[in-house]
Amino acid sequence: EQFMAEVSTMGRTYHINLVRLYGFCFDPMMRALVYECMENGSLDNFLFHENSQERLEWEKLYDIAVGTAKGIAYLHEECQQRIIHYDIKPGNVLLDKNLNPKVADFGLAKLCNRGSSRLLLTNGRGTPGYAAPELWKPYPVTHKCDVYSFGMLLFEIVGRRRNFDENQTESRQWLPRWTWDMTQFDSHQNFF
């Protein structure tokens with residue numbers, strides 16, 4: 001079911017900031033998706049791995065954030081049926097040879113008619129730490145849950161660390177909370 005969701009979703013889209021699906025195999029013995037080659041892997045590798053080949057400059061990180069936002073906006077506003085991704089995170093933002101971002105992994109995506117703005121999901125979706133809180137409750141959800149996930153991704157880009165780090169002291173474990181506390185503590189202090 002997840003495989004067919006990804007094939008049908010990606011088969012309907014084309015945008016410079018979405019990974020391009022070239023083909024698929026749906027054989028009982030093997031299922032495969034064939035995507036364009038993304039030479040630089042995921043944004044996750046550049047943000048969180050100490051041994052990554054290069055540390056990205058702020059200007060490039062800004063370009064990656066804007067390109068990712070454009071891909072998400074296309075899914076929400078420019079497709080015939082709105083596509084809700086449900087799993088926006090650095091591991092699903094792939095980078096081509098020029099470090100241009102492309103949103104990938106549409107296995108959890110749902111199509112939504114433009115007239116209906118809310119969906120009721122029967123089970124949780126997304127990755128803990130990135131998924132909007134309403135995705136884990138029996139409440140209707142909208143495409144705005146992708147906006148929440150994108151916000152978490154931006155926190156990680158700016159903080160250059162995961163949004164939750166259990167190796168930090170309790171007061172610093174959850175990046176958004178620590179950021180809020182720091183801005184309340186001293187608005188003139190440079191905390192990044």
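What's counted below: heavy atoms across the whole structure, side chains too, no hydrogens, waters or symmetry copies. All values reported here derive from a predicted model rather than from experimental measurement.
- Phe155 and Val66 fall into different hydrophobic clusters, defined by Ile, Leu, Val, Met, Phe, Trp and Tyr side-chain heavy atoms under 4.5 Å apart, directly or through other members.
- Between Val103 and Ile88 there is a side-chain heavy-atom pair separated by less than 4.5 Å.
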Check: Given the rule in the side chain to side chain contact (heavy atoms under 4.5 Å, CB included) test, do Leu18 and Leu75 qualify, once you have shown the distances and angles that lead to the verdict?
Finding: CA-CA 9 Å; Leu18 299 180; Leu75 295 172; 3.7 Å; yes
Next item on the list: Test Tyr62 against Glu57 for side-chain hydrogen bond (donor to acceptor under 3.5 Å, both in side chains), laying out the working first.
Entry: CA-CA 9 Å; Tyr62 172 82; Glu57 299 297 323; over 6 Å; no
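- Evaluation of the salt bridge (Lys or Arg N to Asp or Glu O under 4.0 Å) test over residues 60-71, restricted to residues two or more places apart or in two chains, returns none.
- Within the 4.5 Å cutoff, side-chain heavy atoms of Leu61 are placed close to those of Leu47.
- For Cys37 against Glu39, the heavy-atom pair with the smallest separation is O-OE1, 3.4 Å.
- Looking only at side-chain heavy atoms (C-beta outward), Tyr86 and His143 stay at 4.5 Å or farther from each other.
- Atom CG in Asp87 sits 9.0 Å away from atom CG in Asp146 (nearest 0.5 Å).
- Atoms CG and CZ, on Asn92 and Phe106 in that order, are 9.0 Å from each other to the nearest 0.5 Å.
- Residues Ala65 and Ile157 share a closest heavy-atom pair of CB-CD1, 4.2 Å.
- Side chain of His85 to backbone of Ala104: a donor-acceptor contact under 3.5 angstrom is found.
- Atom CZ in Arg82 sits 5.0 Å away from atom CD in Glu77 (nearest 0.5 Å).
- No donor-acceptor pair under 3.5 Å is formed between the side chain of Ser42 and the backbone N or O of Leu94.
- In terms of hydrophobic clustering, with Ile, Leu, Val, Met, Phe, Trp and Tyr side chains grouped at heavy-atom distances under 4.5 Å, Met30 and Leu21 are assigned to different clusters.
- To the nearest 0.5 angstrom, Lys89 atom NZ is 7.0 Å from Asp105 atom CG.
- Tested against Pro101 for a side chain to side chain contact (heavy atoms under 4.5 Å, CB included), the candidates Asn40, Ile16, Leu95, Asp96 yield a single pass: Leu95.
- To the nearest 0.5 Å, atoms OH (Tyr74) and OG1 (Thr13) are separated by 5.5 Å.
- The closest side-chain heavy-atom distance from Pro90 to Phe46 is not below 4.5 Å.
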Checklist line | Chi angles and distances behind the side chain to side chain contact (heavy atoms under 4.5 Å, CB included) call for Ile84, Thr142 | finding: CA-CA 8 Å; Ile84 305 173; Thr142 69; 5.9 Å; no
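- A distance of 11.5 Å separates CZ in Arg31 from CZ in Phe24, rounded to the nearest 0.5 Å.
- When the side chains of ILVMFWY residues are joined at heavy-atom separations under 4.5 Å, either directly or via intervening members, Tyr130 and Tyr148 end up in a single hydrophobic cluster.
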Notebook entry, point to check: Can you check salt bridge (charged side-chain N to carboxylate O under 4.0 Å, His left out) on Glu36 and Lys102, steps first, answer last?
Noted result: CA-CA 10 Å; Glu36 67 182 299; Lys102 296 188 184 231; 3.4 Å; yes
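- Placement of Tyr22 and Met38 in two distinct hydrophobic clusters is found when ILVMFWY residues are connected by side-chain heavy-atom separations under 4.5 Å, directly or transitively.
- Residue Leu154 is grouped with residue Leu99 when hydrophobic side chains (ILVMFWY) are merged at heavy-atom distances under 4.5 angstrom, including chains of intermediate members.
- For Ala69, the side chain to side chain contact (heavy atoms under 4.5 Å, CB included) test picks out Phe150, with sequence neighbours left out.
- Proximity of a side-chain donor or acceptor of Asn98 to a complementary backbone N or O of Asn100 within less than 3.5 Å is not detected.
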